[in-house]
There are 2 protein chains.
Amino acid sequence: MFNKLADFLRAQYPNFGFREVITPTIYKKSLWQTSGHWDNYADDMFEVRGRGATGQTENAREGQDEEFGLKPMNCPGHCLLFKSEKRSYRDLPIRYADFSALHRNEVSGALSGLTRVRRFHQDDGHIFCRPSQILEEIKLTLDFVGMVYKTFGLGPYKLVLSTRPADHYIGTPEEWGRAEDQLKAALDASGRDWSINEGDGAFYGPKIDIILKDSDGKEHQTATIQLDFQLPQRFELEYTAPAPELERRGEVTPDTDPALLFESGPVTPVIIHRAILGSLERFLSLLIEHYDGKYPFWLSPRQAIVLSVSQEPAELKYVDEVTKQLSKQWYGDRPAPLDHIYHNVDQDTSARSLGKKIREAKSKGYNFIAVVGPNDVAKGTLTLEMWNHRVKDHGSSEGYVEGEAPGSSRDLYGLLTK
Amino acid sequence: MFNKLADFLRAQYPNFGFREVITPTIYKKSLWQTSGHWDNYADDMFEVRGRGATGQTENAREGQDEEFGLKPMNCPGHCLLFKSEKRSYRDLPIRYADFSALHRNEVSGALSGLTRVRRFHQDDGHIFCRPSQILEEIKLTLDFVGMVYKTFGLGPYKLVLSTRPADHYIGTPEEWGRAEDQLKAALDASGRDWSINEGDGAFYGPKIDIILKDSDGKEHQTATIQLDFQLPQRFELEYTAPAPELERRGEVTPDTDPALLFESGPVTPVIIHRAILGSLERFLSLLIEHYDGKYPFWLSPRQAIVLSVSQEPAELKYVDEVTKQLSKQWYGDRPAPLDHIYHNVDQDTSARSLGKKIREAKSKGYNFIAVVGPNDVAKGTLTLEMWNHRVKDHGSSEGYVEGEAPGSSRDLYGLLTK
Ligand SMILES: [Zn+2]
Ligand SMILES: [Zn+2]
């Protein structure tokens, strides 16, 4: 299911302009000093040492004998990627997505010395954009959030905007004002209710939190959209744009004006950190509760089971054949194509009564339950007991098959009813 | 391309009985002591330390204040997975595949203090099997190797069996003899030439190396199949089997004999370490050389390009439309399905001459080159200049489209010629 979640997002990324990148797990200490993590976050970070990377050479130059840090987040790595090429305003926005494992060293429990390694995966993404592009990017991100939560049938959720703190913030009140106005416009355009947490933003930028209500009314903070004015400065990121003064203020000039093009100059991009699901592990536990064992077909770890009526050898052989066929095992010399999707199909050929086997399969939450009896072997048929959690006599199956979102049970349904 | 390689193997894994697992990046020191890595491999490993994991508490019990090690290989993690449940002979073989990042601290260059972090990804897999299953598993693995190398058009390759060293080995000569006989039988069954490196095996088991010859005649060791009698002992792995004495010798007893079943007992499984591609990074560099810029469609980072003849606004707009359509951008409210495959489609609408643009696109190795002229806009057509590296007038396109292996250019070809 973990892989399915990541695959689901991967299938959407190109439409939302994201490129998936694979970035290192450990970086030299100096990177974490640039990002500010080494100073502010040291206790929660793991240091990595080894031969030639001890951090103990006196007067070592940067890059020499440095220890490493295990990454607690992807942003610094993505900043390096952005910086690896010269960027023009035409290249922006640039959007990176990353499913890397992240490590945080969090103390849990009162017992001193007890360390909880938190290793988790985030559907992490960073958008590097022009100040004038904040509105469009936030809109697009809110659309993405909406589409994903609708797919899982999650919600309702609240949108909360946190604005500039009263003191201790970077940049000017005007910069904040312009950014917050764009966030507000995007929130308005989303057509959803949103509220404001005045002064509750981080010192480096305003943010939007998505707060999900579960069926018990409990609230979970899942997705976040965080603007960042600081990191691009720390990493000295820049892109070239005409009329840099105007560009910095988020004013776009027609690039057909040769005079303005002539005075091109460097501008610092804005970074938007965003996660749609948040921690995949935590989101998965939300889904487990949400679906209560009745997963949609595409996400289900138990997509189908084939039950035998008896233990006749011919019947068992037929059950095997049906199982292979339904699981879409791939035959032949040629490799299975990249878009081949297998089904998780089990079988129960135990000597227990059919009634017992059906009850157990139902309680285990199989999407499809198929029964094979002695008559089926000769005729090459089977009986469908349940499909997508609906019992046979509850009506036609069409609706439930239709209801499927990103994968499809149509395939399997087709195999089962042909 | 990195992701495509992994996806390609993922599409084959279920057919070969592998389950992809996601395992941690860091493990406590005591695990690496069990595996023997901490003693024999310490210099090449990175230590990980942090709050509560300093390794500096005196008389600490195991698990208390231990430092961690960054994994250089997946085997110990997979051993823990195997050990996490009670196993019966009926459950075997159990096959885990893992694409995790691995870290090795290798000294490169003469300058002391210079560390080369080697972070790489392997298409790593471990098979836990009964002594009697070695033959079948090796056969299956050699089939897998053959299918993969054929797909990439790589080869010829040599198979080399390394056998028991003269001294310093674990187990008995009889155990080695039985295992080597199974390896030889599997090599014979492969129908390929193979040779033997007498006495060249590791102390913990015999192995088969796959040595690939590139177009320059240079040899590359890529895939390996390594038997391991030691690791299962170090981790005290076991499964329950009837007649354990016979089972250990690789003799299978009919499990219908109630007397034998009655005397079930624990047996140590054999581990087969195997990698088909080896390091994905290194394999990728082999492929880059092998294809010399002319990738098969499914693997190609440049699947298609759309060229404009002029810079007429209507033409540019049409180029945009065609590009979106060919790249299979997903429309609509519903999310893209999991098996949706996008195409990498670029465009060149620069003011240069069409001839220049075509030449550049050819030299860049695009699989498909499509040209849009003023007449095409009205008629909704385009001209195909090249498909799968074949120029228009070299004959019918059918053959080249057919030649595609795991992905398919049929889709795109269909869009381009309809
Ligand atoms: Zn971030
Ligand atoms: Zn291994």
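Chain identifiers are assigned alphabetically (A, B, ...) following the order of the sequence lines, protein sequences preceding nucleic acid strands; residue numbering begins at 1 within each chain. Hydrogens, waters and symmetry mates are skipped; everything else that's a heavy atom, side chains included, is used.
- How far CZ of A/Arg10 is from CG of B/Leu338: 11.0 Å, rounded to the nearest 0.5 Å.
- How far CD1 of A/Ile22 is from CG of B/Asn3: 4.5 Å, rounded to the nearest 0.5 Å.
- Counting all heavy atoms, side chain and backbone alike, A/Pro337 lies closest to B/Ala11 at O-CB, 3.5 Å.
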Where do A/Asp339 and B/His340 land on the side-chain contact (heavy atoms from CB on, under 4.5 Å) test, with the steps shown first? CA-CA 7 Å; A/Asp339 56 359; B/His340 188 71; over 6 Å; no
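- Considering only heavy atoms from C-beta on, B/Thr25 comes within 4.5 Å of A/Arg119 through its side chain.
- A/Asp124 is linked by a side-chain hydrogen bond (donor to acceptor under 3.5 Å, both in side chains) to A/Asn74, counting only residues two or more places apart in sequence or in another chain.
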